[in-house]
Protein chains: 2
Amino acid sequence: MSPDLITRLKEAGIQPSAQRLAVAGYVLQTDAHPSADEVMSEVQANFPMLSRATVYNTLNLFVEKGLLRQLVLAEGKTVFDPCLEPHHHFIDEESGRIEDVPWDAVKVGDVKGLKGYEVHEYMVVMRGRKLGGSRMSKKR
Amino acid sequence: MSPDLITRLKEAGIQPSAQRLAVAGYVLQTDAHPSADEVMSEVQANFPMLSRATVYNTLNLFVEKGLLRQLVLAEGKTVFDPCLEPHHHFIDEESGRIEDVPWDAVKVGDVKGLKGYEVHEYMVVMRGRKLGGSRMSKKR
DNA sequence: GTCAAACTTTGGATTATGTCTAAATCCGAA
DNA sequence: TTCGGATTTAGACATAATCCAAAGTTTGAC
Ligand SMILES: [Mn+2]
Ligand SMILES: [Mn+2]
Ligand SMILES: [Zn+2]
Ligand SMILES: [Zn+2]
């Protein structure tokens, strides 16, 4: 489909196979933080020729090549985040849904100057309740 | 052993059985962040009559009763933290070891005032390299 | 003190996430 | 067209964690 995606994969040094494009079409463009299982379900809906092994292979490849970040924030499953810029995360305690919080929305002090540590990256992880539950935001 | 521990369990509404005291003796007093497996190994060294199921039962009970916090910060295993006060966490990228960072060591802005969210708790999660690797700190 | 009910522990089965392997398939270049 | 490396795949494997039902232990009413 999108020639943009083909270009992005190639630029990352990844052969754009049909399966990889199908996975990329979902996981590189979602604003959710899907688990491997969710990626497989979503992609298989439109592209059934996709095995579980390939989903894992592809997600791990994307992480390795820097197209995705892998996050472990909650019990039982690691999730994938296509947003590469630094940002924080809010976890809704009811639904488990993970939302991005812009970097500038939370001011964090002199982390990099912490004595005794060489901090390579950091984020604020928040848990609580999402307000304004009126507009139901379905997936995608 | 320690009557303090018996008291703590009772105050939390937990019957202080032998197994629970053995687990508590380690996990409520460590300054590490052990996984369930590590708890089992450590405790079984002095108290062999302890099954895997009981370790999980006990840790989950302690979490439920508020004696422990359960953290999921890295791939593959959840860990338990006896420090109940708010604090931040630093994860050494080489060893995977998790260290506590005092609440006041990092200034975080107006998280609780974040528009659209009701934040119940938050922490800064840092990843990087621990400096001053001279004094080897073994476990315990 | 007895004894039944409730609580606790336990081994083994079960589920779930993720990796590995080796064979089949695909695909681009010669 | 053909070859060889890359990709995909089913299923085996590994591991963390839960579930279950039986066995053991504690407790309290009597
Ligand atoms: Mn994102
Ligand atoms: Mn601690
Ligand atoms: Zn994110
Ligand atoms: Zn801690």
Side-chain angles (χ1 to χ4, degrees), chain A residues 5-7 9-27 33-44 46-65 67-81 96 98, chain B residues 5-6 9-10 12-27 33-44 46-65 67-81 96 98:
Chain A
L5 273 183
I6 295 181
T7 304
L9 294 200
K10 279 181 177 166
E11 281 174 0
I14 298 171
Q15 287 291 355
S17 71
Q19 282 85 349
R20 285 167 178 174
L21 280 171
V23 172
Y26 170 66
V27 79
H33 294 75
S35 66
D37 249 29
E38 286 161 357
V39 170
M40 183 158 74
S41 303
E42 289 291 329
V43 177
Q44 275 187 336
N46 301 322
F47 186 90
M49 324 85 95
L50 181 70
S51 74
R52 203 166 59 100
T54 296
V55 172
Y56 278 100
N57 287 343
T58 302
L59 290 173
N60 289 338
L61 181 67
F62 286 2
V63 170
E64 192 186 324
K65 297 298 190 181
L67 296 179
L68 276 183
R69 282 203 287 169
Q70 191 167 12
L71 302 178
V72 186
L73 295 174
E75 218 174 333
K77 44 188 59 173
T78 74
V79 300
F80 297 89
D81 190 339
I98 298 169
Chain B
L5 273 183
I6 295 181
L9 295 201
K10 279 180 178 167
I14 297 171
Q15 287 292 355
S17 72
Q19 282 85 348
R20 285 168 178 172
L21 279 171
V23 171
Y26 170 66
V27 81
H33 294 75
S35 65
D37 248 30
E38 286 160 358
V39 170
M40 184 157 73
S41 303
E42 288 291 329
V43 177
Q44 275 187 334
N46 301 322
F47 187 91
M49 324 86 95
L50 181 69
S51 74
R52 200 166 53 99
T54 296
V55 172
Y56 279 100
N57 286 344
T58 302
L59 291 173
N60 289 338
L61 181 66
F62 286 2
V63 169
E64 192 186 324
K65 297 298 190 180
L67 296 180
L68 276 184
R69 282 204 286 169
Q70 190 166 12
L71 302 178
V72 186
L73 296 174
E75 219 174 330
K77 47 188 57 176
T78 74
V79 300
F80 297 88
D81 189 340
I98 298 169

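Chain identifiers are assigned alphabetically (A, B, ...) following the order of the sequence lines, protein sequences preceding nucleic acid strands; residue numbering begins at 1 within each chain.
B/Ser51 has no side-chain polar atom (N or O) that falls below the 4.0 Å cut-off from OP1 or OP2 of C/dT9. Phosphate proximity of C/dC26 to A/Ser17: absent, as no side-chain N or O sits under 4.0 Å from OP1 or OP2. Side-chain nitrogen and oxygen atoms of B/Gln15 include none within less than 4.0 Å of the OP1 or OP2 phosphate oxygen of C/dC7.
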*For nucleotides 18-23 of chain C, just jot down a letter per nucleotide in 5' to 3' order: B, S or -, based on protein non-hydrogen atoms under 4.0 Å.*
BBB---
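A/Ala36 meets the side-chain contact (heavy atoms from CB on, under 4.5 Å) test with A/Tyr56, A/Leu59, A/Phe80; sequence neighbours excluded. Every residue meeting the salt bridge (Lys or Arg N to Asp or Glu O under 4.0 Å) condition with B/Arg69, not counting sequence neighbours, appears here in chain and number order: B/Glu121. Not a single side-chain hydrogen bond (donor to acceptor under 3.5 Å, both in side chains) links B/Ser41 to another residue, sequence neighbours left out. Residues satisfying the side-chain hydrogen bond (donor to acceptor under 3.5 Å, both in side chains) criterion with B/Ser35, sequence neighbours excluded, are absent altogether. In terms of the side-chain contact (heavy atoms from CB on, under 4.5 Å) criterion, residue partners of B/Ala24 (sequence neighbours excluded) are, by chain and number, B/Leu5, B/Leu9, B/Leu28, B/Phe62.
Rounded to whole Å, the distance from CD1 on B/Ile14 to C1' on C/dT9 is 16 Å. The CG-P distance, from B/Leu59 to C/dT8, rounds to 15 Å in whole Å. Atoms CD (A/Glu38) and C1' (C/dA16) sit 14 Å apart, rounded to a whole Å. Taking atom CZ of B/Arg20 as the reference point, atom P of C/dT10 lies 11 Å away to the nearest angstrom. Between B/Glu64 atom CD and C/dT8 atom C1' there is a gap of 15 Å when expressed in whole angstrom units.
Of the residues A/Val72, A/Leu73, A/Thr78, the one that meets the side-chain contact (heavy atoms from CB on, under 4.5 Å) test with B/Val72 is A/Val72.
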*Run the numbers on A/Val27 and A/Leu68 for side-chain contact (heavy atoms from CB on, under 4.5 Å), then give the verdict.*
CA-CA 8 Å; A/Val27 79; A/Leu68 276 183; 4.1 Å; yes
Can you give me every donor-acceptor pair (side chain of residues 14-21 of chain B, partner residue at least two apart or in another chain, under 3.5 Å) with its distance?
| residue | atom | partner | partner atom | Å |
| --- | --- | --- | --- | --- |
| B/Ser17 | OG | B/Arg20 | N | 3.2 |
| B/Arg20 | NH1 | B/Gln15 | O | 3.1 |

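Read 5' to 3', the first and last nucleotides of DNA chain D with an atom closer than 4.0 Å to a heavy atom of chain A are D/dT7 to D/dT18.
Listed here is the closest heavy atom pair of A/Gln44 and A/Leu50: NE2-O, 2.6 Å.
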